[in-house]
Amino acid sequence: MNPNPSSTPAPVQGESAALPVLTPNDFASDQDVRWCPGCGDYSILAQMKKVLPTLGVPREKTVFISGIGCSSRFPYYMNTYGFHSIHGRAPAVATGLKVSRPDLTVWVITGDGDALSIGGNHLMHAIRRNVDINIVLFNNQIYGLTKGQYSPTSPLGKITKSTPMGSVDNPLRPLSIAIGCEATFVARSIDVHIKHLGEMLRRAAEHRGTSFVEVYQNCNVFNDGAFSWATDRETKADTVLELEHGKPLIFGKNRDKGIRLNGMEPEIVELGKGVTEDDLLFHDEKAAEPSLAYLLSRMRYPEFPEPIGVFRDVDRPVYDEELNRQIDQAIEKYGRGDLEKLFAAGDTWTVE
Amino acid sequence: MATTTQSKKHVRDLEAATVRFCGDSGDGMQLAGTQFTNTSALVGNDVATFPDFPAEIRAPRGTKAGVSGFQIRFSSNDIHTPGDQVDALVAMNPAALVTNLPDLVPGGILIINSESFDQKDLRLAGLDRNPLEDENLQNYQVFLVEMTRLTREAVKDTGLSVKESDRCKNFFAMGLVFWLYDRPLEPTLRFIDAKFKAKPEIAEANRRALYAGYHYGETTEAFASQFRVGKAQLPPGTYRNITGNQALALGLIAAAEVSQSELFYGTYPITPASDILHELSRHKNFRVRTFQAEDEIAAITAALGASFGGAMGVTASSGPGIALKGEAMGLAVMTELPLVIINVQRGGPSTGLPTKTEQADLFQAVFGRNGECPLPVIAARSPADCFDCAIEAWRIATQFMVPVMLLTDGYLANGSEPWRLPKLSELPRIHIKHPEGRENGNGEPFRPYTRDEYLARPWAIPGTKGLMHRIGGLEKQDITGNVSYDPLNHQHMVDIRAKKVANIANTLPPQTVDGPASGDLLVVSWGGTFGACATAVAQAQREGLSVAHCHLRYLFPFPTNLGEIVRNYKKVLVPELNKGQLRLMLRAEYLVDAIGYNKVQGKPFAVGELVERIKQTINS
């Protein structure tokens, strides 16, 4: 239980009241967190609570919407408005809310099953419309809440309760899906890379339009170690590539390896021996075409280091803004609607 | 050119008449019917219509499957149905003739486009022999009109191709029928001006075709007399002709205005509900937000998201789409948010008969969700009544914090009748109260599941300071709204949700009956069968039978006095366009031995068959 913190300074009364300075604890609800001990979700929750006070958005203007699954319990633990909806539908709930209440900051918390299996359709359409919402997908490559079936991101051959002989389903790559829908903001982070994760959440919040963040999240009960290759101190420098805008793609413990384009294909090269940084692929998160971001999203361990960071951050018209603009335009053109005029539109006649 | 008739022909006054235009689905019959309807309404008749068309946009040309018809009854009396049989039939091709002729009264007027009866036309219609040679036609007043040739001649200088010229035939047919029933052409001329503004040559051709048809009637020797149907004595006021879908759209806008809410309409295109979306999307200056969602589920969940934010969340569909929305309706019941769900019913199950009417989704509305999941269900009874029902649905939704199901059907949605325009002062007011904000940090979390005298919980909307709270589909603890799996709490919450909905009955007007308060027979109906049932009961009463009519708007919960009413008659007859759904509910609720009269043929009841059934039931 989190006793309501006394750390919040009393707001100054009066017209020029400054915004109270909030702390992570101010964003904690009074509910017990019921994820399994050791779950990666705790880390994401902690980072979210750390980032939100830095955004300058009051708690009452912040809404968390989720679907069904372990990650979707998230809203209960936030001292904001929250809506734990039904399986897969959070992006649609969020769209309706954001369109009618553009003043709110709306987050969608979802998982790999929720977003990509039952809710694939809504995810795709929220992204292509570019609704101004922030979607955080906790990818643990397993169904946790239903106790361990394979998910749409589980690798081929994965042995689970429902695939005793190994999964024969080709997995989806969440970022490839998002980029295929021409997402305007796409990023990836890892639950235990807490600074990096916090930074990705902050960048997502600041982006206008749909922000899509995939977080590699460890399910220590049903899929423990699925991302150990990316989190293991010994190996992570060689298996994870941190993207930086405008910088060449370099990785490795000694930062001596890079990614070069060979025709349309990426390849790993060693720096030196005739290869310089200038020969490498340079990251451009502002590229108008999504091709580069897509190519990066296809790089998979163990063939490649997997990129984390912001893949894409571009501007495109935002659905809720455009929809509300049409409302304003209609009022400007025809005047605010008048019911009696509306009723009497077209041919009428009078009976005395 | 003046269009009131100057002809010297004999004019016969009629109390009412029924006309049907029928042809291929590309022949413009719906347009002809709509224009004839609007004109008849404008000259002061009461009108009732029945558009009937195939699900295919262009079914194979000339086939029976592709026949599209539009029937209109116009009268100098108050009427409620488009008529069982037609007095005049316009048939544009053989398929239309053979499929519609059985509905023409003996001796009725039969106007046929005689140029569409060659071998090819007959083959398309699947006919071995030419129906024009059928001696059965002698039972009617047949007028063979060379519409194709006459239309081509009329439009020949407008520069239209032959194909384009032929598409003006429906205006020729209209002109002829307008003359026959002494209707003015001006409303249709105005329509042509507006509709074809960007295509002046097509506008001119249609005008000429319309006049040509009118003058054909006036000058040809064939037509010996004209008919005239006088004005109906409708209550004083300003009127317009309105379809059910239009009335529903206007009702939703009105509901938003009188409750000072902003309408969010989430929907996915589906026949026969799409016209509501088309209408609403034209009225953005009322701050109406329309959202054409990616699917039915997104449509309702987005509407619920909007409701969570304080908007007037509304979604609409037809049966198959409503099935997809079931889980989200449960979420709305659980989160106790106001929402209006409209089902424009059509023939089912599955895809069923998309363009045909039926009222077989009552069980789906009342019972069709998992868990103990009651929500109020109301149904509109006529096209214009859709307006009032939309406002009433939102009144219930907000007063009780509950999703409300509003049932209409394809017959109401596309059919039309005169609608007396309400004055703003006549509209009900809907008072919505959102709890006000409070300072944060006082240690007391907001309690979203406290209740008022209607058992409604507070509608605290995001953005309100200090009222942060979480809702969702998991069972919630009473008062605090925290997730709870406590057995007794679940029992309590299930009970209270049920009681809340049951209590709605206490706010409803008492159920009334038309006819004696007790007697031999009570006819109980709901939804779009109102017109046919009311007309049939009135006729039976005129014939001296002891029968009353009870038409239900409120289907769940029932009005509190309904049990008493149904016990006051020796027999209860429940005509429904389904297999007996209301009947089962009445039997279950009141242990009354209700008798069904049930039909699922995609068509409304005929008055005649109901009168017959009323007599049989009384006498059996």
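Chain letters run A, B, ... following the sequence lines, proteins first, then strands; residues in each count from 1.
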What part of A:Phe64 is in contact with chain B, defined as an atom under 4.5 angstrom from a non-hydrogen atom: side chain, backbone, both or neither?
-> neither
Check whether the side chains of A:Gln31 and B:Asn482 place a donor and an acceptor atom closer than 3.5 Å, and report yes or no.
-> yes
If you draw a 6.0 Å radius around CZ in A:Arg128, do more than 12 non-hydrogen atoms from other residues or ligands fall strictly inside?
-> yes
Donor + acceptor pair across side chains of A:Asn324, B:Arg289 (<3.5 Å) = yes
Among the listed options A:Ala345, A:Ala94, A:Gly346, the residue most often paired with chain B at heavy-atom distances under 4.5 Å | A:Ala345
Would you mind checking which part of B:Leu337 comes under 4.5 Å of any heavy atom in chain A, side chain (CB onward), backbone (N, CA, C, O), both or neither?
-> side chain
Highest number of heavy-atom pairs under 4.5 Å with chain B among A:Asp338, A:Val63, A:Thr348, A:Ile86 belongs to A:Ile86
For each of A:His122, A:Lys61, A:Met78, tally heavy-atom pairs with chain B at distances under 4.5 Å, and name the one with the top tally.
-> A:His122
Given a strict heavy-atom distance threshold of 4.5 Å, which part of B:His469 is in contact with chain A: side chain, backbone, both, or neither?
-> both
Look at atom CD of B:Gln233 and say whether more than 12 heavy atoms of other residues, nucleotides or ligands are closer to it than 6.0 Å.
-> no
What part of A:Leu339 is in contact with chain B, defined as an atom under 4.5 angstrom from a non-hydrogen atom: side chain, backbone, both or neither?
-> both
Relative to chain A, which segment of B:Leu42 carries a heavy atom at a distance below 4.5 Å: side chain, backbone, both, or neither?
-> both
Is there side-chain contact between A:Tyr42 and A:Val33, with heavy atoms separated by less than 4.5 Å?
-> yes
Which of the residues B:Phe308, B:Phe264, B:Phe191 is involved in the greatest number of heavy-atom pairs with chain A at under 4.5 angstrom?
-> B:Phe308
Take atom CD in B:Gln260; do more than 12 heavy atoms of anything else shown fall under 6.0 Å from it?
-> no
Under 4.5 Å heavy-atom distance to chain A, tell me which part of B:Glu257 shows up: side chain, backbone, both or neither.
-> side chain
Residue from B:Ala41, B:Ala194, B:Gly437, B:Gly313 scoring the most non-hydrogen pairs under 4.5 Å with chain A is B:Ala41
Heavy-atom distances under 4.5 Å only: say whether B:Ala328 touches chain A with side chain, backbone, both or neither.
-> both
Is there a donor-acceptor pair under 3.5 Å between the side chain of B:Asn45 and the backbone N or O of B:Gly230?
-> yes
Most heavy-atom pairs under 4.5 Å with chain A, out of B:Ile297, B:Thr290, B:Leu250, belong to B:Ile297
Salt-bridged, B:Glu294 to A:Arg129, with N to O below 4.0 Å?
-> yes
Do the side-chain N and O atoms of B:Ser40 and B:Arg183 include a donor-acceptor pair separated by under 3.5 angstrom?
-> yes
Check the pair B:Lys465, A:Glu60 against salt bridge (charged side-chain N to carboxylate O under 4.0 Å, His left out), reporting the backbone distance first and the verdict last.
-> CA-CA 5 Å; B:Lys465 203 169 184 182; A:Glu60 66 270 15; 5.1 Å; no
Top residue by heavy-atom pair count (under 4.5 Å) with chain B, among A:Thr350, A:Ile331, A:Thr80?
-> A:Thr80
A:Asp103 versus chain B, heavy atoms under 4.5 Å apart: side chain, backbone, both or neither?
-> neither
Check whether A:Met124 gets within reach of chain B through its side chain, its backbone, both or neither, counting any heavy atom under 4.5 Å.
-> neither
Side-chain heavy-atom pair A:Leu52, A:Gln47 within 4.5 angstrom cut-off | no
Given that the side chain runs from C-beta out, which part of A:Asp328 has a heavy atom under 4.5 Å from chain B: side chain, backbone, both or neither?
-> side chain
Side chain, backbone, both or neither: which part of B:Ala254 has a non-hydrogen atom closer than 4.5 Å to chain A?
-> both
Side-chain contact, heavy-atom cut-off 4.5 Å: B:Pro458 with B:Phe446?
-> yes
Verify the distance criterion only: is there a donor paired with an acceptor across the side chains of B:Asn38 and A:Asp347 at less than 3.5 Å?
-> no
Answer key: most heavy-atom pairs under 4.5 Å with chain A among B:Pro235, B:Ala298, B:Pro462, B:Pro448 is B:Pro462
Side-chain donor-acceptor pair present, A:Tyr319, A:Thr95, cut-off under 3.5 Å = no
Chain A: which of B:Asn241, B:Ile253, B:Asp295, B:Val43 shares the most heavy-atom pairs with it under 4.5 Å?
-> B:Asp295
Can you check whether A:Ser66 reaches A:Ser71 side chain to side chain, under 4.5 Å on heavy atoms?
-> no
Choice from B:Gly463, B:Pro418, B:Gly309 maximising heavy atom contacts with chain A below 4.5 Å = B:Gly463
Within residues 420-429 of chain B, which positions have a heavy-atom distance to chain A below 4.5 Å?
-> B:Leu421, B:Pro422, B:Lys423, B:Leu424, B:Leu427
Heavy-atom distances under 4.5 Å only: say whether A:Arg336 touches chain B with side chain, backbone, both or neither.
-> both
Go through A:Glu332, A:Glu352, A:His84, A:His87 and name the one with the most non-hydrogen pairs under 4.5 angstrom from chain B.
-> A:His84
Heavy-atom distances under 4.5 Å only: say whether A:Val99 touches chain B with side chain, backbone, both or neither.
-> both
Are the aromatic ring centres of A:Trp35 and A:Tyr77 under 6.0 angstrom apart?
-> yes
Less than 4.5 Å apart, any side-chain heavy atom of A:Thr62 and any of B:Met468?
-> no
For the pair A:Met48 and A:Ile109, evaluate side-chain contact (heavy atoms from CB on, under 4.5 Å) and give the outcome as yes or no after the intermediate values.
-> CA-CA 11 Å; A:Met48 185 65 84; A:Ile109 303 295; 4.3 Å; yes
Atom group of A:Leu104 that falls short of 4.5 Å from chain B, counting heavy atoms | side chain
Check each atom of A:Gln326 against the heavy atoms of chain B and say whether the ones under 4.5 Å are side chain, backbone, both or neither.
-> both
Taking the side chain as every heavy atom from C-beta outward, state whether B:Pro187 and B:Arg190 have any pair of such atoms under 4.5 Å apart.
-> yes
